[in-house]
Amino acid sequence: MKRLSERLQDVVTTAFKNAGIDEKYSSVGISNRPDLCDYQSNGAMAAAKEYHKAPFVIADEIIAKLNELPEAKKYFAKAEAVKPGFLNFTLSPEFMAEYAGQMDSETDFGFEKAPDSKNIVLDYGGPNVAKPLHVGHLRSAIIGESLKRIERFVGNKVTGDVHLGDWGLQMGLIIAELEDRGQLDKDLNISELEEIYPFASKKSKEVYEDGPHKGELVNPEFAERAHEATLKLQSGDPKYHAVWEKIMKVSVEDLKKNYANLNVHFDLWKGESDAEPYIPELIKLLTDKGLAYKSEGALVVDVSEPTDSKEIPPCMIQKSDGAALYSTSDLGTVMDREKNLHPDEYIYIADRRQELHYVQFFRVARKAGLVKPETVLKFIGFGTMNGKDGKPFKTREGGVMRLETLISDITNAVAEKMADRDMPEDTKQAVAKQVGLAALKYGDLSNQAAKDYVFDLDRFASFEGNTGPYIQYTVVRIRSILDKYAESVGKDRKGIEDDLRTVKFTAPAHENEKKLILTIDRFADTLTNVASDLAPHKLCAYIYELANNFSAFYHECPILTESDEARKMSLLKVSALTGKILVTCLDLLGIEAPERM
Ligand code: ARG
């Protein structure tokens, strides 16, 4: 189905051409003065210079040509030239309603998937095996899951890969500690594993606070052994590999449970370890091409470019002891993905502070020809989730907040608000969880990813304002309106939804109704924009506006007491459509809409 904006653009472009003005000036957009008009074009002003005419004269000529076109009569209630040369368009209420009706009858509200769909690899989540999943990894999971859903909705193929941190020093530390405890062969469970890593990490870093050895490592031998164990594991030692597999099994099972709990789902559960087989080939390639060279024993690749505004240091590929690094595994992973997935685009989602790493290894990947020149490599760096003190979010005791704890804290806060609801206890608990997750996810996604934000449980979980629960609540209200109506005619909601299918929208009669329908009509353009900018926060802004416009509409246009039957059905249908769009958009944010709350 042709979009509203495309239809408007077509007719306006024709008017420009008929007035003898190059169509390159004819761009139409949403009005930035909604009090004056719905859509606008500033093309006449832009064209004035080239045509040596006053903008207003050009604008007048275009409007005259526009008014000759039958489509323009259909689309616009008013199309006018306004000084100094704006073109202001007000949509015809009939057309607005007709378009919303078409949206309602088509799948995906008439959104047509991109014909030139892209094959995208989305690298998100990025948890580190054997370390507890904490809030630092929360943002990656929430943003990534939403982008996966959005990109799929607009028609792209997306493979989401969790890219586990499963090959680093943490593995050597755990192995060395298990050795010290004589537990190398023992079966482990997740709580034991979670105790071991922080213990071993601390042991390897602990220094004397004072005395003759002040500042020196307490257990240098342990740190050294952990390092060696890592190297041995990386070079395929069978005994260590068996321990590694055991650790992986326990940890991945736990991670899967945690992500499922968040309603985050990955297509691939690969990790840094999967890059290992590619590393010898990578190093040979980089060396043969003359890109990698030895510097103080380490192997590095220069990546600086003359246009850099700040210095980009060489990318280190191998340490002097032969150990692989973060970049090495990311480059090996690119080779694996090229071989198995052939992506047109890579999107990596990680903490903003890792930006340099991505700049470096992207450049190496390009220089070495690991990817095609036209392959797109993107990094989305997100900011920190802070506490109210403006510092990275911590537990009350100052420790790292575990994701599980955070989720249960939020669920409890919501459950408290819902204490007086007349609902079976287990339903209430399930709804509190859905609402809690919405609070958490929307609180995150409604901010531009790159920015830091303050985690404010009270604000995020509020049923009012720009929050996930408020959007969910709007859906619940709409459903309850449909239910009430259904009851009054002795049907159920499903029956009413069926009936509404054949209802024709009547032209909006009230200003608030018009505003709501205009917002509905903008759905397709919004999604295209959100997807191309990789910007879930723009989707949040859209549904917040939609929910607010619904409230204003419902306030002024009582539905159930409306005496004109045709209008009443039309108002019900507008409400139902608003509800469906909200549910679809929430789903694209990874948020569920409860039946009641
Ligand atoms: N494991 C990393 C971390 O905890 C994130 C991995 C991101 N993905 C990547 N391909 N580098 O910071």
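Residue numbers start at 1 and run along the sequence shown. Because only heavy atoms are used, hydrogens play no part in the values below, and waters and symmetry mates are left out as well, while side chains stay in. Whatever order the structure lists them in is the order used to number ligands and atoms, beginning at 1.
- Here E592 pairs with Q434 under the side chain to side chain donor-acceptor pair (under 3.5 Å) rule; sequence neighbours left out.
- Pairs of residues two or more places apart, or lying in two chains, that qualify as salt bridge (charged side-chain N to carboxylate O under 4.0 Å, His left out) and include a residue from residues 282-303 are K284-D288.
- For K202 and Y197, the positive end is not near the middle of the six-membered ring at less than 6.0 Å and at most 45° from its axis.
- Y240 and Q234 are not linked by any side-chain donor-acceptor pair at a separation below 3.5 angstrom, with hydrogens and angles left out of the test.
- The side chain to side chain donor-acceptor pair (under 3.5 Å) contacts involving residues 367-389 comprise E345-K378, where partners must be two or more places apart or lie in separate chains.
- Enclosure of atom CD in E416 is not indicated, since only 12 or fewer non-hydrogen atoms of other residues, nucleotides or ligands lie within 6.0 angstrom.
- Protein neighbours of ligand 1 below 4.0 Å, counting non-hydrogen atoms: D123, G126, N128, H137, H163, Y326, D330, Y348, Q354, Y358.
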